[in-house]
Amino acid sequence: MHIRLYDTLSRRVKTLEPYGERFGFYCCGPTAYSFAHIGNFRTFLAADLLYRVLALAGYNPFYVRNVTDVDDKTIAGAQREGVSLYAFTSHWEDIFHSDCVALNLLPPDCEPHAVGHMEEQIALIQTLIDKKFAYGREGSVYFDVSTWKHYGRLSRLDERELRMGAEVSSNKEAAEDFALWKAYKPMDGSIFWDSPFGKGRPGWHIECSAMALKYLGNNFGVHGGGMDLCFPHHENEIAQSEAATGQPFARHWFHVAHLCVNGEKMSKSLGNLYTLAEIEQKGYTPMELRYALLAGHYRQPLNFTFESLHAARKALERLERFGRKLQELAGVEVPMASEFCSLAPAWDAICDDLNVPEALGRVFSHVHQCELNPPVQVQAVNEWAEWQRLMFALGFHRNAMEIPMEIEHLAQERLTARKDRNFTRADSLRKQLEAFGWAIEDTADGYRLQKLR
Ligand code: AMP
Ligand code: ZN
């Protein structure tokens, strides 16, 4: 099965052509200086979905998602707290990873750090200087945009917009030139690296080029990130990578539209953000957030509301109920199916530019049909196997929602106690569940269990 995906460079939906043994996919990762907000997670969830779909469709993906651990914000944070850069960034990275686990994001095949790739970045900058695409000024090195005639092709901005979007610095030759290496400033304290260009640190863009080229080769499958990275980050990555290697960089560019609040991009600078911890404090689960963020098409901006989490809860409950029913009807444990048959329409929609809203529509109409005409045992075995495959594709699979059998039994017992109006027993069962780390909440049609963190 081939996947079709919108490519920002050609502005077309194109088939992803498999190549080589592993299909390289690079997604720009978090900057480790604070909590990732749920807007960041919209992008990482869409990347996770693409990774899962590539794997299921047989592309054998190799997924790289970096961690930006050196930039103005991480350096300032470490200085402010009087700790090493590593101590500062690893704290935020640990929180990021535990959010990723809660949201059921698969770990990437490789998660490289900028600090761990100084040699590669310095070598790449040296190549650009040697090939006359870059010049040094007062200990900094800049990419000379006038040497790269394709500059602006990805973002399709005109010259004036390219200049306006560039970082301001007094010693560049032209406003649109961008930093590859930043000279040391006293405010950087003890955080600097030695290089042939003087002491300092790499600019942000060069890290992704250096790490993508190292792990995925000069020319690889898909490169992605949030829409705001299109310019200048990805435009600069293309210029410096292609100038250095003389070969096309990523074959396909994948950009995820923003998560918004009241029509404005959710961002740290606007202060209109929510973290996963805040969503959980309001009583919603990471899985419900996963559903709500994936349910909108990744190319459309998505307005975040608590109603959408509420709707996600209802939808997941229905999916879970249906899955349990299938499992019950099947009566035997079966492994995940190796292909789709009755759920093929939903899978086809996912493979067509990750059209999750369409896929979910098709899933629910299938669920509805099966509720009207429950499958007989033989059919249920196949349905259950396929269901597991689809839930894995969307990351709603049971592992993440897995409730241990004994916990389920206690919850069932408590439900019976409540129905019998034996509230003392129900309360004692609630306490037992809590002691095992599970909160229970009563709902109209039963209960809901949630792992306490
Ligand atoms: P950062 O940690 O700021 O480097 O961002 C990590 C990723 O989140 C990047 O791919 C950004 O483009 C993406 N991102 C930032 N804000 C949003 C948002 N409101 N909606 C979707 N993606 C976002
Ligand atoms: Zn990047």
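We count ligands from 1, going down the list as the structure has it; atoms in each ligand are counted the same way.
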Per-pair distances, 0.1 Å, donor-acceptor, side chain in residues 29-38, under 3.5 Å, sequence neighbours excluded:
from	atom 1	to	atom 2	distance (Å)
H37	ND1	G39	N	3.0
H37	ND1	N40	N	3.3

Taking the six-membered ring for Trp, are [X] and [Y] closer than 6.0 Å centroid to centroid?
{"X": "F44", "Y": "F96", "answer": "yes"}
{"X": "H223", "Y": "H234", "answer": "yes"}
{"X": "F133", "Y": "Y135", "answer": "no"}
{"X": "F220", "Y": "F25", "answer": "no"}
{"X": "F178", "Y": "H205", "answer": "yes"}

Ring pair (Phe, Tyr, Trp, His ring centres under 6.0 Å) between W387 and F322, worked out: CA-CA 9 Å; W387 186 256; F322 182 69; 4.9 Å; yes
OH-CZ distance between Y19 and R22, expressed to the nearest 0.5 angstrom: 10.5 Å
Anything under 3.5 Å between an N or O on ligand 1 and a protein N or O? List each pair with its distance, or write none.
from	atom 1	to	atom 2	distance (Å)
ligand 1	2 (O)	T31	N	3.1
ligand 1	4 (O)	T31	OG1	3.1
ligand 1	5 (O)	N40	ND2	3.3
ligand 1	8 (O)	N40	ND2	3.0
ligand 1	10 (O)	G226	N	2.9
ligand 1	12 (O)	G226	N	3.3
ligand 1	12 (O)	D228	OD1	2.4
ligand 1	19 (N)	L259	O	3.1
ligand 1	19 (N)	M266	O	2.8
ligand 1	20 (N)	G39	O	3.4
ligand 1	20 (N)	L259	N	2.8
ligand 1	22 (N)	G39	O	3.0
ligand 1	22 (N)	T43	OG1	2.7

Listed partners of W204 passing ring-ring contact (aromatic ring centres under 6.0 Å, His included), at least two apart: H233
Total protein N/O/S atoms whose distance from the Zn ion (ligand 2) is less than 2.8 Å: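 Counting protein N, O and S atoms closer than 2.8 Å to the Zn ion (ligand 2) gives 3.
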